[in-house]
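Worksheet: one structure, shown below.
A note on names: the letters A, B, ... follow the listed sequences, proteins ahead of strands, and every chain is numbered from 1.
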Amino acid sequence: MNTTRLHQWHVDAGARMAPFAGYDMPITYPLGAVEEHLVTRRSVGLFDIDHMGQFEIKGSGADAFVSRMVSAKIDDMKDWDARYSLLLNDRGTVIDDLFIYRLPGAWWIVVNASNRAEDLAWFNAHKPSDVSVDDRSDETYMIAVQGPRAIELLDMVSDRSISDFPRFTSGNASVLGVSCLVGRTGYTGEDGVELFFPADDAEKLWTGLLAEGERRGIETKAIGLAARDSLRFEAGMPLHGHEISQDIYPLESGFKWACDFEKDFVGKAALEQLAADGVKRKLVGIEVQGGVPREGYEVQSPEGAKIGVVVAGMFCPTVKKFAANALVDPAFGKSGLDVKIVIRGKPADAKTIKRPLYVPAYRR
Amino acid sequence: MDIDKNARYAASHEWARKEGSDFVTGISDHAQHSLGDIVFVELPAVGKTIKKGEAFGVVESVKAASDLYMPVSGTITAVNDALSGDPALVNREPYAGGWMIKYTAANPSEFDVMLSPEAYEAEAGKE
């Protein structure tokens, strides 16, 4: 089992630890998953996400290589821009989802911990001789600072005004004396940043940010993976293995927007064929009464016929609803329809709803 | 872990307490702590008769759903309606505001053989 450099800090803070993607990670702290979620929505949450991987892709052929490997349009990205993309296989299903940063002279690609090895092998298998792909995950630490007061806190402790970074851009800055790549990105639906910096400085930056938040009267708390999941779910963001996976086409889960059909990319031909044939299921949001919908639960029509399955579901603390994402028969793939979710053997009344439940702060 | 010295306990972490001629049941502080944030509680209909060891309801935390087991056979006389609006009462006050059911016992001697507070504390402490 891998551990992050903050592992002992989490244990000392009383966190409930559990394995996630090969790492022993904090799931909740004594504050509790619901309150951790709400703190991030009202002030600042700090997330140890060092399990995430980072690749650096360089070389004279790097622009063309990255463009062909990922689904999103990237040839219009300027230095320091950051963008969401999918990494597809030849069948057009999703190996992983990525955040891509264009840095001067290099592409910086953030990948999910559980897919890191497969992603690296996939890039390397397609790499021409004039491109290098280096896994920088071990020497790079990653912390997310998220919430409506995150930028205010960052501005106070950085040598540059982070508030001047537009959403989905990045830049170098010294934060509490630590040299960081600062991305104005995140996975919570709140404004904030993701910090990349030398792993040896993990504890200094983590404890420093918590202390500075407290000293300056900005409520700042450590947040575990349970709240990270409910935050991303409410904000309509996918989690690989749930809304997207190697068994799900991006056109089924509403990610056509992340695919640039004007360019060539791995998986494009399969997706064009699928678009012509029509998808056989669609991702839909569902609100349910009478319990917590969970992964694997059956979705039924009002008449009781099976129409799909829940891929993720939970209590959503901000909107105070029990909600699921489910892959269903396309006829049920729009909002406002009555359906049922079988919760612990009993069909419970449910209704398809608009996603996301919580519109990200930076999109309002 | 907090222990209510006036209650007796089941190995499955429910407590039972005599209140007048009825019994009251909820889950222990140890149980609510293990479950984490509780977001939903399903309770039986008043008037239902449930045997000792059978499920009387379900408690759902952020991470999982768990059955609740009747510690003493009986007939439900009241359920805690406050839990539908504020299930976290079970986390905050497991022995008070977070009570779940009241019932008349079919065989009160089943209460007498439940774990004492001291025995339960020793058992739960091993987990």
Side-chain angles (χ1 to χ4, degrees), chain A residues 14-20 25-40 223-234 287-297 310 312-324 341-350, chain B residues 1-2 12-14 26-46 48 50 53-70 79-94 97-98 100-101 124-127:
Chain A
R16 187 186 304 267
M17 309 294 290
F20 181 82
M25 296 296 285
I27 306 303
T28 58
Y29 297 91
L31 194 57
V34 171
E35 187 61 18
E36 289 169 34
H37 177 116
L38 296 173
V39 167
T40 308
I223 311 297
L225 291 185
R228 181 168 163 84
D229 192 34
S230 57
L231 288 159
R232 72 91 195 164
F233 179 90
E234 265 186 357
E287 184 187 344
V288 64
Q289 316 288 335
V292 184
R294 300 184 193 269
E295 184 179 9
Y297 285 10
V310 171
M314 62 194 71
F315 174 67
C316 300
T318 310
V319 298
K320 297 186 166 50
K321 289 177 178 174
F322 298 100
I341 295 181
V342 181
I343 295 181
R344 294 177 267 105
K346 284 176 282 186
D349 288 340
Chain B
M1 91 183 87
D2 287 339
S12 51
H13 305 293
E14 293 82 7
I27 62 169
S28 72
D29 181 58
H30 174 79
Q32 70 76 21
H33 187 259
S34 304
L35 290 167
D37 284 359
I38 289 164
V39 296
F40 184 83
V41 182
E42 186 176 292
L43 296 175
V46 171
K48 192 173 180 186
I50 309 171
E54 288 182 351
F56 71 79
V58 175
V59 61
E60 297 220 39
S61 70
V62 167
K63 64 176 181 182
S66 309
D67 284 327
L68 300 162
Y69 298 103
M70 203 71 177
V79 298
N80 186 355
D81 291 328
L83 299 184
S84 64
D86 185 8
L89 267 171
V90 177
N91 292 118
R92 297 198 304 274
E93 306 174 16
M100 293 172 173
I101 51 171
K126 289 181 199 159
E127 287 189 7

Chain A contact via B:E60 - which portion, at a heavy-atom distance below 4.5 Å: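 Both parts, backbone and side chain.
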Restricting to non-hydrogen atoms, name the atom on B:H33 and the atom on A:R16 that form the minimum distance, rounded to 0.1 Å.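 So the two residues come closest at O-NH2, 2.6 Å.
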Check B:A65 against A:R344 and note the closest heavy-atom contact, atom names and distance.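 For B:A65 and A:R344, the tightest heavy-atom pair comes out as CB-CD, 4.0 Å.
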Out of B:V39, B:V41, B:V62, return the one with the most heavy atom pairs under 4.5 angstrom to chain A.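 The answer is B:V39.
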Residues at least two apart in sequence or cross-chain that pass ring pair (Phe, Tyr, Trp, His ring centres under 6.0 Å) with A:Y29, listed by chain then number, are A:H10
Those residues of residues 223-233 of chain A, ordered by number, that approach chain B below 4.5 Å (heavy atom to heavy atom): A:A226
Could I get the full list of salt bridge (charged side-chain N to carboxylate O under 4.0 Å, His left out) partners for B:D29, not counting sequence neighbours? none
Between A:R294 and B:K63, is any pair of side-chain heavy atoms under 4.5 Å apart?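 No, side chains not in contact.
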4.5 Å side-chain heavy-atom contact, A:F322 and B:F40: yes
Under 4.5 Å, heavy atom to heavy atom: which of residues 84-91 of chain B reach chain A? Give them by number, or say none.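 Heavy-atom contacts from residues 84-91 of chain B to chain A are absent.
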With only heavy atoms counted, which part of A:I343 is less than 4.5 Å from chain B, the side chain, the backbone, both or neither? side chain
